[in-house]
Amino acid sequence: MEEKNKTYYITTPIYYPSGKWHLGHSYTTVCCDALARYKRMRGFDVFYLTGTDEHGQKIEKRAAEAGVTPKAFVDALVDNIKELWSLLDISYDKFIRTTDDYHVKAVQKIFKQLYDQGDIYKSRYKGKYCTPCESFWTESQLVDGKCPDCGREVSDAEEESYFFRLSKYQDRIKKLLTETDFLEPRSRVNEMVNNFIKDGLNDVAVSRTAFKWGIPVEFDPGHIVYVWIDALSNYITALGYGSDDTSLFDKYWPADLHMVGKEIVRFHTIIWPAILMALDLPLPKKVYGHGWLLLGGDKMSKSKGNVVDPFILEKRYGVDAIRYYILREIPFGSDGVYTNEAFIGRFNQDLCNDLGNLTRRTLAMNKQYFDGKLDASGEKGEFDDEFIAEINALDKKLDEDIDKLNLSRALEDIFAVIDKANKYIDNTRPWILSKSEETKGRLKAVLYNLTEAIRVCSTALMPFITRTPKLIFEGLGLKAPEVFDSVLKWGAVKKYETHETGILFPRLDEKKELIELDKIAAAAEKAEQKEVKKEDKKTDAAVKDGSAAKDNAADKAKEKTADAVNADADKQEEYVTADEFFRTKLVVGEVIACEKVEKADRLLKSTVKIGDEVRTIVSGIAKFYTPEEMVGKRVVVVKNLAPRKIRGIESRGMLLCAVSGEGENEQLCLVRPEKLMDGGSEVC
RNA sequence: CGCGGGAUAGAGCAGUUGGUAGCUCGUCGGGCUCAUAACCCGAAGGUCGUGUGGUUCAAGUCCCACUCCCGCAACCA
């Protein structure tokens, strides 16, 4: 707390705009936002950075599919995410786009410098190349020496590429990971060391020639700076590194915290520090690899995925509900699960019953017994010391929690005080004190203490939830504080004139809400399906409350090329002629033997008799059938499917299956003739 | 033996350097009436995955073996 004038630089990853923004993106960003707000209130000079990573082949391709330029494609998605951040009250100080001109220039400069000093060198990327797929594969990726994608022959090929000397920094990186707490949580360190460092670090390719959408290597046209240097360096270019004005960089670098999802820990803890070492810059103080926000646990509703659209949740329940859930429910460091039940449960229990109700009952009593006018002149009594001690302990607890980045614990600690306040009311029974003039003095102290508790809790909540504390402060007749400073303790405000507030959070009927959310999900899904078919260019009236039909970027991108795309779509929906269909030969076969394919979870190798012919077919059905139960079954086989090697076994044909769902919900069953038809019977 | 994570009350989770098993929700019983059918108190419910393993005066907590789940990787026309 003597850390005045200290800076705090915190970053989210820059997000890759490949599809729809969902609650997962919000997770990281909201966590960082809470930290940023917290540090600001602790008097730090905070710089909070977020942004988007907009280059690469995938975007080039998707834009082409949509018939727009890559820039137009990402522009739309960036608008969309900015809208989301504004909805969620994200207080970023800067939003960087890797397409920003200063970033492009700085990256080119960095690339050149690394090249000049020998950390980047030109070499050839050797591998197996599949011409039709336009893909490079390593030896180990090949399946039986052929392209794992299409099964065709591959040829030795080389591509010119620039490489970064990662190997040179291997020892320093290993030390950084194992001997410091650069990377947290600690459990991720093992993963990194075992998976990537143990066998030695290979130099990484940092340029590509296969696509154009990226930052050109200045001194070698045709080469594009690949993601490592392009994206990672955003953390310094955003501060002006490599530009004429480096004042921000000088002030804020090194970063105090890079918050990242566990899937990109590797890049941030191996490649990024190495780049910084090469540039001879200080390393960030910490990289925190958080878990994921998973969907699931829900048994009934299949379409809940769509409900976890933050736009929908915000519209229905408000920002604070989302922020609170995200920050409170995800266990520190590990994965958390989103369910509608838990969301509504948290909302009702914590926000409505505990916080909302406490505020309301207290302010109601203030009004009723003292017309809202309170001061510290009341009469002390039993329970006070303990209660006040609890309030005063919060300050330190919060600091410890946040120090460990344990946001959910911080909220727990705040709500522990709220809980204590509710108990305090029951213990002191103000409604009984109010019945006699003699106990008025005591009553005053009780209500004053409660009001102080509410003030301290609201203050403490400000970094986490952004709207409600302000409403509470209105009720308290105070202005919300800018900094914690000395206000996070009992007695900091001596006099009150409070007003009653409305209901802060209306209690939800859980059953009704769940049904409602399912309905919305279903509607959203319908809308999406339409979208996929690219048929609904007209304003979509299907979703009444509009939230699901929010104009996301995909819509916008499409609008620009509506006609062209529609023509395309019609083609896809065209019929096949009977002749075309009959080119596929479907026959009945009998499984006469079956076994599991080794080292493959999903694969069964079946020996199938079709008439007089016997052939081997490999299928991904091991999750649903055991080899034993397969034997003797009559199945439908695609007879003239091109043979293909799967895990070294030549599979000739395919077993027809009915499938639905994905992941946990996946269902699969064989399609089988209803009667015992002879093997070889045609299916038509 | 591909890499990693996990297994603690009905559910979701805490358990810090080993020292009488906790929290939230749910269930049941009671209390209160200031308040949003809220709030408060109490109870039931766990041999902390298995070995009846090892270290120790003492293990959910350390060591060993095993089982099962979940990610990633691989694989799925």
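Note that these values count all heavy atoms, side chains included, but never hydrogens, waters or copies made by symmetry.
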Check your understanding: Rounded to the Å, how far apart are A:K435 NZ and B:C32 C1'?
Key -> 11 Å

Check your understanding: P atom, B:A11 versus B:C48: distance in rounded Å?
Key -> 16 Å

Review point. Roughly, in whole Å, what's the span from CG in A:N406 to C1' in B:C13?
Key: 13 Å

Point to revise | Distance between P atoms of B:A9 and B:U61 (Å, rounded) | key: 15 Å

Practice item. In whole angstrom, give the distance that lies between atom CG of A:N422 and atom P of B:U36. Key: 13 Å

Point to revise | Residues forming a side-chain hydrogen bond (donor to acceptor under 3.5 Å, both in side chains) with A:R361, sequence neighbours excluded | key: A:N422

Check your understanding: Is A:E400 salt-bridged to A:R409, cutoff N-O under 4.0 Å?
Key -> no

Point to revise | salt bridge (Lys or Arg N to Asp or Glu O under 4.0 Å) pairs, two or more places apart, involving residues 433-446 of chain A | key: A:D375-A:K444, A:D384-A:R442, A:E437-A:K440

Point to revise | B:U8 to B:G15 separation - C1' atoms, rounded to the nearest Å | key: 9 Å

Revision key, fill the gap. Looking only at B:U36, B:A77, B:C39, the nucleotide nearest the A:M654 side chain is B:A77

**Study point:** Partners passing side-chain hydrogen bond (donor to acceptor under 3.5 Å, both in side chains) against A:R455 (at least two apart in sequence or in another chain)
**Key:** A:E452, A:Y496

Point to revise | Distance, rounded to the nearest Å, where A:N357 contributes CG and B:C32 contributes P | key: 18 Å

Exercise for review: Using whole Å, report how far NZ of A:K605 lies from C1' of B:C75.
Suggested key: 16 Å

Review point. With sugar-phosphate meaning primed atoms plus P, OP1 and OP2, does A:G345 contact a base, only sugar-phosphate, or nothing at under 4.0 Å between heavy atoms?
Key: nothing

Practice item. Provide, to the nearest angstrom, the distance between the CD atom belonging to A:E329 and the P atom belonging to B:G12. Key: 12 Å

Practice item. Please state the P separation for the pair B:G10 and B:C63 - nearest whole angstrom. Key: 28 Å

Exercise for review: Would you please name every residue forming a salt bridge (charged side-chain N to carboxylate O under 4.0 Å, His left out) with A:E590, sequence neighbours left out?
Suggested key: A:R634

**Study point:** Sugar-phosphate, base or nothing in reach of A:L358, heavy atoms under 4.0 Å
**Key:** nothing

Point to revise | Pair A:Y325 and A:F343, ring centroids less than 6.0 Å apart | key: yes

Taking only nitrogen or oxygen atoms into account, show me every contact under 3.5 Å that the protein makes with nucleotides 24-27 of chain B, one pair per line with its distance.
{"residue": "B:C25", "atom": "OP1", "partner": "A:Q349", "partner atom": "NE2", "Å": "3.1"}

Exercise for review: Would you classify A:Y369 as touching base, sugar-phosphate or nothing, given that sugar-phosphate means primed atoms plus P, OP1 and OP2, and contacts are heavy atoms under 4.0 Å?
Suggested key: sugar-phosphate

Check your understanding: Considering residues at least two apart in sequence or located in another chain, which fulfil the side-chain contact (heavy atoms from CB on, under 4.5 Å) criterion with A:A34?
Key -> A:L327, A:L407, A:F464

Exercise for review: Could you tell me which nucleotide pairs with B:U50 by Watson-Crick or G-U wobble geometry, both distances under 3.5 Å, or answer none if nothing does?
Suggested key: B:A65

